[in-house]
Protein chains: 2
Amino acid sequence: MAIPRAAKTQRRTRIQEEKEEQILEAALDVFSVHGFRGSTIDQIAEVAGMSKPNLLYYFRTKEAMHRALIDRVLFTWLEPLRAFNAEGDPESEIRSYIRRKLEMARDFPRESRLFANEMLQGAPHVVDELKGPLKSLVDEKAEVIRAWAKAGKIAKCDPYHLIFSIWSTTQHYADFDVQVRAVLGDQHSGEGRFEDAARFLEQLFMGGLSVHPLT
Amino acid sequence: MAIPRAAKTQRRTRIQEEKEEQILEAALDVFSVHGFRGSTIDQIAEVAGMSKPNLLYYFRTKEAMHRALIDRVLFTWLEPLRAFNAEGDPESEIRSYIRRKLEMARDFPRESRLFANEMLQGAPHVVDELKGPLKSLVDEKAEVIRAWAKAGKIAKCDPYHLIFSIWSTTQHYADFDVQVRAVLGDQHSGEGRFEDAARFLEQLFMGGLSVHPLT
DNA sequence: AGATAATTTGACCGATTGGTAAACATTACA
DNA sequence: TGTAATGTTTACCAATCGGTCAAATTATCT
């Protein structure tokens, strides 16, 4: 019989697993640069090294590919925020959150750009996830930060905008990589740049959140 | 005679000026959301309220439209950084730079997204401007900041990463507007959100750059 | 090995893409 | 007002788009 398309089968073949992986890898390459509408199945197929109908055998539509990709990436992307620990020491929790986010920007820039592209377009495919799970998670962590501020462990500040600023400053190094590279010139090699950024951001946030600001 | 297409003429007609303005306005709408490859001339034409060939009478190609748009926007976009004054008081200069950038994110979100899209795609159309004029301007202002730090007027810090962090935190409110809105919920109206962000960023940067950090 | 299911491909489809040609309409200016 | 330049539109083009189909190939299991 022809096929219940990959998705329908109960057990996943070894081939299915390999090829779907291969496809999503290529899709990440393409979608993260050109966004949903700017990407073509043909290009993804070429990067994946297989024919277009073969791609469409595993994912029925371009949208299905994009969705599968987003779903997979979304989970790991929020991992650092989930790891944010209410019981820990505020300063070191925030510090290590920043570092983790920066590491992700360094190690998974395509994933960062995939989301950035989606956001720029008004998040047509993930707006529900934003208003649901993401908001819940942020609300929870914001409450933790607020409690820390109330207890005088860090400066009083809007926890939501604090989180936004950590997101934006760290992801900037993935999303605006070209600009960063162009402005800094090619003298700073990859690892040096990363360490410079980490040191600066630590200084910025630790200073900005210290309990007794001088100004 | 048929036409030396608009560009070639010496004096620009009233109609030329109006229509080109109309087109670039529509192009900004479309390009800022979908990026270069994701945008279509047809869609821009529809938004602009004119026929596709009419569009192509004023701009020969899609690329020409995009370039004209980028060129026009690039200048005003760097205005706040240019206004950065070496003679002024460091603290208030930085403070007002942040505020100006935040105001631009609020008042010109499409322009911000246009650039963000271009950066995500590796800046294929503006990489030269980045390495040239932009880098020069940033180099110049970075030197000013470095001098301030050396004179003990602000904390010692990497001036480049300081500038990056101001760019990213402020532009975040334009580029990731959907996310911000989703997370904050619709309770915070536009103006309130802006003021909250301004207050937080001011606290963050003034604290982070104060001369005697406690940590 | 043989049968059956899973995988892959070339050929193809209608719709949309960026862009052109030429006829037509309008404007500006003597 | 006439006419030349400017502006606009209809019809169209080849290329590419997302996606289908049926045939061919390969893997799996008895």
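Here is how names work: the chains are called A, B, and so on, in the same order as the sequence lines, proteins then strands, and each is numbered from 1. In this text, all values refer to a predicted model and were calculated from it rather than measured experimentally.
In terms of phosphate contacts, Tyr57(B) brings a side-chain nitrogen or oxygen within less than 4.0 Å of OP1 or OP2 of dG7(D). Dashed line: the shortest gap from a side-chain N or O of Asn54(A) to OP1 or OP2 of dT7(C) is not under 4.0 Å. The shortest distance between the side-chain N/O atoms of Tyr58(B) and the OP1/OP2 oxygens of dT6(D) is not below 4.0 Å. For the pair Lys19(A) and dA6(C), the criterion of a side-chain N or O lying under 4.0 Å from OP1 or OP2 is not met.
Between Met65(B) and Leu55(B) the shortest side-chain heavy-atom distance falls below 4.5 Å. With a 4.5 Å cut-off on side-chain heavy atoms, Glu129(B) and Leu134(B) do not count as touching. Residues Arg146(B) and Tyr160(B) are in side-chain contact: their nearest non-hydrogen atoms beyond the backbone lie under 4.5 Å apart.
Among the heavy atoms of the strands lying under 4.0 Å from Ser51(A) is at least one base atom, whether or not backbone atoms are also near. Within the nucleic acid shown, Lys52(B) comes within 4.0 Å of at least one base atom, counting heavy atoms only.
Nucleotide dC17(D) holds its P atom 5 Å from the CG atom of Asp42(A), rounded to whole Å. Rounded to a whole Å, the CZ atom of Arg37(B) is 12 Å from the P atom of dT16(D). His66(B) has its NE2 atom 15 Å from the C1' atom of dG18(C), to the nearest Å. Taking atom CD of Glu20(B) as the reference point, atom P of dT6(D) lies 14 Å away to the nearest angstrom. Atoms NE2 (His34(B)) and P (dT17(C)) sit 12 Å apart, rounded to a whole Å. Atom CG of Leu55(B) and atom P of dG7(D) are 14 Å apart (whole Å). Here dT9(D) presents its P atom at 13 Å from CG of Leu56(B), a figure rounded to the nearest Å. The distance from atom CD of Glu17(B) to atom C1' of dT27(C) is 16 Å, rounded to the nearest whole Å.
Between the side chain of Lys62(B) and the base of dG19(C) there is no donor-acceptor pair of N/O atoms closer than 3.5 Å.
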**Message:** Please evaluate residues Glu118(B) and His125(B) with respect to the criterion side-chain hydrogen bond (donor to acceptor under 3.5 Å, both in side chains), reporting the C-alpha separation (whole Å), side-chain torsions for both, the decisive distance (0.1 Å), and the verdict.
**Reply:** CA-CA 8 Å; Glu118(B) 183 66 15; His125(B) 305 97; 3.1 Å; yes

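Between Thr40(A) and Met50(B), it is Met50(B) whose nearest contact on DNA chain D lies nearer the 5' terminus.
Out of dT6(D), dG19(C), dA6(C), the shortest distance to the side chain of Gln16(B) is found at dT6(D).
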Atom pairs and distances, side-chain donor-acceptor, residues 22-29 of chain A, under 3.5 Å, sequence neighbours left out:
{"unit_1": "Glu25(A)", "atom_1": "OE2", "unit_2": "Arg110(A)", "atom_2": "NH1", "d": "2.9"}
{"unit_1": "Glu25(A)", "atom_1": "OE2", "unit_2": "Arg110(A)", "atom_2": "NH2", "d": "3.2"}
{"unit_1": "Asp29(A)", "atom_1": "OD1", "unit_2": "Arg110(A)", "atom_2": "NH1", "d": "2.7"}

